[in-house]
Structure formats: C-alpha cells, structure tokens
Amino acid sequence: MATGHTDPRRRERIIAATLDLIAEEGLAAVSHRKIARRAGVPLGSMTYHFDGMDELLREAFGEFTGEAVAVFDAYLAAPAGREEAVEAVADLVHALSEGSRRDLVLTQELYALAARRPAYRELTHEWMRRSRVHLEKYFDPDTARQLDALIEGLTLHRALSREPHDRALTLDAITRITTVTGAPREP
C-alpha cells in the first residue's frame, strides 16, 4: 500500500469508495473500516484526511451533486431557445431515468439524509440552485423551480416503474409547465 506522500489521489479514492459503498449497501452500512477497505487505504487514512464521518459524507455528496449538475450542463448548455430547451429537458429526464442506478440511489440517500439532518440540506439547496441556473436561461424563475421538481419526479417515476412512461408523456408534462396560458391564477 502506498503512503500518502506517494499516493496523491488517496483522498479522492476515499470519496469514490464512500459513494460506491453508499450506493451498494446504503448509508446505514457505511463505516470507516469498510470505506478504507474498499479504497485500499490504511484505516488511519480516514482520520488523516477527514475530521470524521460527517465531513467525509459532506464532501462525498458534494462531489456527487457536482457531477449531477455537470449532467444538467451537458444537456442544457446547447439549446438555442425555449423550444429546444423543452426537448433537452425531456432528453435529460430520460437519460437520468435510464442511466446509472448508482446515481438514483445516491440521490435518494442524500435526500433522506437531508430530511433527517438539516446540515445536509445545504447540499441539496445548492444542488437545486445550480440546476435552476441552467433552467433559468430559458424559463422564468418560477417555471424553472417547477420544472426542476418535475425533472426529479419524472426521473424517479420512470426509473422505478415496471412500465416507464414514454418520451411523449414526458414532453407533454414539460410543455404543460413551460407554456404560458394567460393570466395568473386567482389565489
């Protein structure tokens, strides 16, 4: 096993091992010992690189949310206007729901953790804010907020459904939210 001086990627391997372990066994099964074993590092590396499990989990989930925003970047950087953005959002929903089970599980584990422990809500709030920045290039802030929630809901439903809905239904839902229908609703 390499020492920290000759192993400059040790910290990154610990973070990656943490995310992989959470995805495979769930947050409740995570321990320093399991992470160290999976990362191929001495147990002492855990406390050398991180002050505790909370710091490690915050950094690991921070890394994960950064990757998730990069997916938004990839889909929403290119549209030339609102209509193309609607299509790109539909593509994004289908890519996310048909993609990595690991990412789906990590998303739900983070949400559960944030629901129980307010300190982790900062990660989810920042993730949502960064996602909406992309959507607000094409839609007003309220529509972007609604669309962000729709993306997550449709992604989860498609990923977990025995018979996932097709792209036409996804596109219809996005179109309904993003189409201006006239005057604001009465309270």
Side-chain angles (χ1 to χ4, degrees), residues 16 19-29 57 60-118 120-187:
L19 291 171
D20 289 343
L21 189 61
I22 293 168
E24 289 175 21
E25 296 185 26
L27 192 55
L57 291 176
F61 278 124
E63 177 80 21
F64 169 70
T65 59
E67 292 168 6
V69 171
V71 173
F72 264 73
D73 288 343
Y75 280 87
L76 295 172
R82 190 177 177 100
E83 288 180 29
E84 284 184 22
V86 167
E87 294 286 337
V89 170
D91 291 342
L92 173 63
V93 167
H94 284 255
L96 293 172
S97 62
E98 295 164 2
S100 164
R101 287 283 182 217
R102 174 187 182 271
D103 291 353
L104 178 69
V105 170
L106 287 171
T107 298
Q108 300 314 309
E109 290 282 355
L110 174 56
Y111 286 160
L113 185 61
R116 289 186 190 102
R117 299 181 53 197
Y120 288 87
R121 286 190 197 134
E122 273 312 305
L123 286 170
T124 58
H125 286 291
E126 180 60 14
W127 182 6
M128 288 184 273
R129 186 196 66 74
R130 290 175 64 193
S131 298
R132 285 193 303 263
V133 163
H134 292 293
L135 295 169
E136 287 176 10
K137 293 175 193 170
Y138 310 100
F139 310 102
D140 67 85
D142 289 341
T143 301
R145 181 179 293 266
Q146 294 170 349
L147 197 51
D148 191 30
L150 180 70
I151 290 167
E152 291 184 34
L154 288 175
T155 298
L156 183 60
H157 280 245
R158 284 197 85 252
L160 299 179
S161 178
R162 287 190 182 126
E163 297 176 19
H165 65 271
D166 63 10
R167 190 174 186 286
L169 185 64
T170 301
L171 199 53
D172 182 54
I174 294 165
T175 300
R176 287 175 188 228
I177 285 179
T178 59
T179 301
V180 178
T181 58
R185 287 184 239 169
E186 294 291 322

Student: So which atom in F139 and which in A144 form the shortest heavy-atom distance, rounded to 0.1 Å?
Tutor: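 Minimum heavy-atom separation between F139 and A144: CB-N, 4.3 Å.
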Student: For Y111 and E152, does a side-chain donor sit closer than 3.5 Å to a side-chain acceptor?
Tutor: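 The criterion, which ignores hydrogens and geometry beyond distance, is satisfied for E152 and Y111.
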Student: Could you go through V89 and L135, starting from their C-alpha distance and side-chain angles, then the distance that decides it, and tell me whether this counts as side chain to side chain contact (heavy atoms under 4.5 Å, CB included)?
Tutor: CA-CA 9 Å; V89 170; L135 295 169; 4.0 Å; yes
Student: From L123 CG over to L57 CG, what is the distance, rounded to the nearest 0.5 angstrom?
Tutor: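 So the CG of L123 and the CG of L57 are separated by 10.0 Å.
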Student: Looking at H157, H165, R158, which one forms a side-chain hydrogen bond (donor to acceptor under 3.5 Å, both in side chains) with S97?
Tutor: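 With S97 as partner, H157, H165, R158 yield a single side-chain hydrogen bond (donor to acceptor under 3.5 Å, both in side chains), made by R158.
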Student: Under the criterion side chain to side chain contact (heavy atoms under 4.5 Å, CB included), I'd like the reasoning laid out for L96 against D103: C-alpha separation, chi angles, the key distance, then a yes or no.
Tutor: CA-CA 8 Å; L96 293 172; D103 291 353; over 6 Å; no
Student: Okay, side chain of R121, backbone of A115: is any donor-acceptor separation there less than 3.5 Å?
Tutor: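 Indeed, once roles are kept as given, a pair shorter than 3.5 Å links the two residues.
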Student: For residues L104 and L160, determine if any side-chain heavy atom of one lies less than 4.5 Å from a side-chain heavy atom of the other.
Tutor: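 Side chain of L104 against side chain of L160, heavy atoms only: contact under 4.5 Å found.
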Student: Are there more than 12 heavy atoms of other residues, nucleotides or ligands under 6.0 Å from atom CZ of R132?
Tutor: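 Yes.
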Student: Answer yes or no: is there a side-chain heavy-atom contact under 4.5 Å between T65 and T107?
Tutor: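 Heavy-atom side-chain distance check fails, nothing below 4.5 Å.
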Student: Could you go through V69 and F64, starting from their C-alpha distance and side-chain angles, then the distance that decides it, and tell me whether this counts as side chain to side chain contact (heavy atoms under 4.5 Å, CB included)?
Tutor: CA-CA 9 Å; V69 171; F64 169 70; over 6 Å; no
Student: With no hydrogens and no angle check, is any side-chain donor or acceptor of D20 less than 3.5 Å from a backbone partner on A23?
Tutor: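 It does not hold such a pair.
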Student: Closest heavy-atom contact between T124 and A114?
Tutor: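 Scanning both residues, the minimum pair turns out to be CG2-CB, 3.8 Å.
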Student: Any donor-acceptor pair under 3.5 Å linking the side chain of Y138 with the backbone of L76?
Tutor: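 The answer is yes, because a donor-acceptor pair under 3.5 Å joins these two groups.
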Student: For the side chain of R82 and the backbone of T178, is there at least one donor-acceptor N/O pair under 3.5 Å apart?
Tutor: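 Present.
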Student: Check whether more than 12 heavy atoms from other residues, nucleotides or ligands sit under 6.0 Å from atom CD of E98, and answer yes or no.
Tutor: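 Yes, enclosed.
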Student: At what distance, to the nearest 0.5 angstrom, does CG of D148 lie from CD of E136?
Tutor: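 Answer rounded to 0.5 Å: 9.5 Å.
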Student: Can you find a pair of side-chain heavy atoms, one from L154 and one from H94, that are under 4.5 Å apart?
Tutor: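 No, every pair of side-chain atoms sits at 4.5 Å or beyond.
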Student: Taking the side chain as C-beta and beyond, is there a heavy-atom pair between V93 and R167 under 4.5 Å?
Tutor: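 They are not in side-chain contact.
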Student: Nearest 0.5 Å, please: how far is CD in E122 from CZ in R129?
Tutor: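 The CD atom of E122 is 10.5 Å from CZ of R129, to the nearest 0.5 Å.
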Student: Minimum heavy-atom separation for P164 and S161, please, with both atom names.
Tutor: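 That closest heavy-atom pairing would be N-OG, 3.5 Å.
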Student: Is there a donor-acceptor pair under 3.5 Å between the side chain of T179 and the backbone N or O of R176?
Tutor: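 Between the backbone of R176 and the side chain of T179 there is no qualifying donor-acceptor contact (under 3.5 Å).
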Student: So, taking the atom named CD in E24 and the one named CG in L19, what distance separates them when rounded to the nearest 0.5 Å?
Tutor: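 Answer for the CD-CG pair, E24 versus L19, is 11.0 Å.
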Student: I want to check something: taking the side chain as every heavy atom from C-beta on, are L150 and Q146 in contact at a cut-off of under 4.5 Å?
Tutor: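 No - every pair of side-chain heavy atoms lies 4.5 Å or more apart.
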Student: Of all the heavy-atom pairs spanning T170 and A90, show the shortest one and how long it is.
Tutor: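 Closest approach of T170 to A90, heavy atoms only: CG2-CA, 4.0 Å.
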Student: Quiz question: by atom type and distance under 3.5 Å, do the side chains of D140 and T143 form a donor-acceptor pair?
Tutor: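 D140 vs T143: donor-acceptor pair found between side chains.
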Student: Taking E84 for the side chain and A80 for the main chain, is one N or O donor matched with an acceptor at less than 3.5 Å?
Tutor: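 Yes: the side chain of E84 pairs with the backbone of A80.
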Student: Would you check, one step at a time, whether the test side chain to side chain contact (heavy atoms under 4.5 Å, CB included) holds for F61 with I22?
Tutor: CA-CA 10 Å; F61 278 124; I22 293 168; 4.0 Å; yes
Student: When rounded to the nearest 0.5 angstrom, what distance separates OG1 in T175 from CD in E87?
Tutor: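 Going from OG1 on T175 over to CD on E87, the span is 7.5 Å.
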